[in-house]
Amino acid sequence: MILVATLTALIVFYSLYHIFKYYTLKISTNCYLIDYVCFKPSPDRKISTLTCGKVIDRNKSLGLPEYKTLLKMIIRSGIGEETYSPRNILEGREESPTIDDAMLEMDEFFTTSVSDIFAKTNISPCDVDVLVVSISSFSPSPSLTSRIVRQHKMRDDVKTYNLSGMGCSASLIAIGMVKKIFKSGKKTIAMVVSSESIVPNWYCGTDKSMMLSNVLFRSGGSVMLFTNDPTMRTRAKMRLKCIVRTNIGCTDEGYNCVMQKEDGMGRVGFYLGPGLPKAAMRSFSKNFQQLMPKVLPYRELLLYMWRLAEQKVTKEKGNSFSAAAKINYKSGIDHFCLHAGGSTVIDAVANALGLSSYDVEPARMTLFRWGNTSTSSLWYVLGYMEAKKRLRKGNRVMMASFGAGFECNSCIWEVMRDLEDGDVWDDCIKDYPPENLVNPFMEKFGWVNDETEETISENVEAFKKRWQ
């Protein structure tokens, strides 16, 4: 009898131990966003309409057809006059960038924003266990992670990862990596640093598909701190619910639509091909097929399956995404944090999901104020939502971004408390959204459309005298 009682007690304690271990491990594998900061370059790095005109004028390989093409691109871009540029471009050295120029661009961001996140959270650099840097097109040796470790005197056992070539979606890829690291169960603090280097990739040629990147991309960056420590969840802003990655690089269309390459004259730049919108929507469709079951209520999922079946029975033209377009996504998602890659990208996603102007306002305002800051743009969009006091406890926020490869990455966050931090939007949020988003380029440079090859040189010189 005593033996039976002893065995029973051992079995009970053994079971309780494993239940406790499982519960503890499950809690400690959560991914909490402690806080984040976005980078605001100094005012002397702003690139106004007239400054853009000077940069264009310096490129002597451009002619009247290129001027008209650039004017059309800039007017349709959705970008305003408050964006920022690297110093070498403002100083007229865009055709001969140096490694020092690229390092200066990164160091201004690292020095300011990494220091800001430590001051804002009262977390020491020595507390950081994992550092992930995602900067796609500048990968020097020693790595940029080593540069941050040295600048901020981090521990000698900090785990560092340097991501390159991942494009505008690299920030979510870095978060996915952090989430996997957290599965070890060990209490960990991770820092993700996301930006892009404009210096080595400014295009000085005449290829229209490569000129577009000069119009869209601007300087920026973001730094985020994450933890899986359950004792810090009361400090956290948001908790990661799920993350989904999709890569259609197996297709020629997906792989070739965005890439760093040389033009026919050997000038380096980013190529944005005509197949980009189609590749973006294809990857977006595949990504959402995986994301929907994780966030939407059963009612919407059943409606989706019913419409898809009806589509096949009636042989109605369309695909799984056309059926998905009829779903009410707001039944499972409260806020849509979209990559501010350009007005065309924002419009396409808004149409696909049936979003209102209110839903896409944060992405449009981010594009207008900051331009396309690549992988960090999501955090400027999130900052706009927070500055507008939209984010309330329990809300669900969807982040979605696109990147070369071609990739679409998305994730869902749960807001842990009411958020009202203005961050880089603090001093200007009251002015947004403006009454109109008219690009001043048309007002100042619209006369180019009326020029001919015979008159353009004379009138350009006359205009230059007026701006000096």
Can you see which heavy atom on Val424 is nearest to which on Cys38, and at what distance?
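Result for this residue pair: CG1-O, 3.1 Å.
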Between [X] and [Y]: side-chain donor-acceptor atoms closer than 3.5 Å:
| X | Y | result |
| --- | --- | --- |
| Gln151 | Asp107 | yes |
| Glu196 | Thr373 | no |
| Thr246 | Ser283 | no |
| Glu81 | Ser48 | no |
| Arg87 | Ser42 | yes |
| Arg364 | Ser343 | no |
| Thr121 | Asp35 | no |
| Trp370 | Thr83 | no |
| Asp100 | Thr98 | no |

Under a 3.5 Å distance rule, please check whether [X] uses its side chain to pair with a backbone N or O of [Y] as donor and acceptor.
| X | Y | result |
| --- | --- | --- |
| Ser401 | His339 | no |
| Glu407 | Asn247 | no |
| Asp418 | Lys393 | yes |
| Thr111 | Glu108 | no |
| Arg150 | Arg147 | no |
| Asn287 | Cys408 | yes |
| Asn214 | Tyr203 | yes |
| Asp127 | Ser124 | yes |
| Asn201 | Phe270 | no |
| Arg417 | Ala236 | yes |

Please identify each residue that fulfils salt bridge (charged side-chain N to carboxylate O under 4.0 Å, His left out) with Asp359, with sequence neighbours left out.
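Residues passing salt bridge (charged side-chain N to carboxylate O under 4.0 Å, His left out) with Asp359: Lys330.
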Measuring from [X]:[atom1] to [Y]:[atom2], what's the distance to the nearest 0.5 Å?
| X | Y | atom1 | atom2 | answer |
| --- | --- | --- | --- | --- |
| Cys411 | Arg245 | SG | CZ | 12.0 Å |
| Asp263 | Asp207 | CG | CG | 6.5 Å |
| Leu291 | Ser410 | CG | OG | 4.0 Å |
| Glu91 | Glu94 | CD | CD | 10.5 Å |
| Thr366 | Asn372 | OG1 | CG | 10.5 Å |
| Ser113 | Met224 | OG | CE | 11.0 Å |

Please check if the number of heavy atoms outside [X] that lie under 6.0 Å from its [atom1] is greater than 12.
| X | atom1 | result |
| --- | --- | --- |
| Asp252 | CG | no |
| Lys278 | NZ | no |
| Asn122 | CG | no |

The single option from Lys294, Met398, Met399 passing side chain to side chain contact (heavy atoms under 4.5 Å, CB included) against Ile412
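Testing each of Lys294, Met398, Met399 against Ile412, the sole residue satisfying side chain to side chain contact (heavy atoms under 4.5 Å, CB included) is Met398.
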Under 4.5 Å between any side-chain heavy atoms of Ile243 and Asn409, yes or no?
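The answer is no, as the side chains (C-beta and beyond) never meet within the 4.5 Å cut-off.
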Among Phe39, Tyr84, Phe138, whose ring-ring contact (aromatic ring centres under 6.0 Å, His included) with Phe109 holds?
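Single pass found, and it is Phe39.
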Checking salt bridge (charged side-chain N to carboxylate O under 4.0 Å, His left out) for the pair Arg239/Glu414: CA distance, chi angles, key distance, verdict?
CA-CA 5 Å; Arg239 180 168 67 95; Glu414 178 187 358; 2.8 Å; yes
Applying side-chain contact (heavy atoms from CB on, under 4.5 Å), name anything that partners Tyr432, two or more places apart in sequence or on another chain.
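Scan of Tyr432 (side-chain contact (heavy atoms from CB on, under 4.5 Å), adjacent residues dropped) gives Met365, Phe368, Arg369, Tyr384, Trp425, Cys428, Pro434.
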Go through the structure and list residues passing side-chain contact (heavy atoms from CB on, under 4.5 Å) with Asp129, not counting sequence neighbours.
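By the side-chain contact (heavy atoms from CB on, under 4.5 Å) rule, Asp129 matches Arg155, Thr188, Ile189.
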Cation-pi check, Lys120 onto Tyr36 ring (under 6.0 Å, within 45° of axis):
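Judged by the rule (NZ or CZ under 6.0 Å from the ring centre, within 45° of its axis), Lys120 counts as positioned above Tyr36.
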Assess whether salt bridge (charged side-chain N to carboxylate O under 4.0 Å, His left out) is satisfied between Lys40 and Asp423, documenting all intermediate values.
CA-CA 9 Å; Lys40 184 178 183 179; Asp423 195 37; over 6 Å; no
Specify whether Tyr329 and Phe288 have parallel, tilted or perpendicular ring planes, treating 30° as the upper limit for parallel and 60° as the lower limit for perpendicular.
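Perpendicular, since the angle between the ring planes exceeds 60°.
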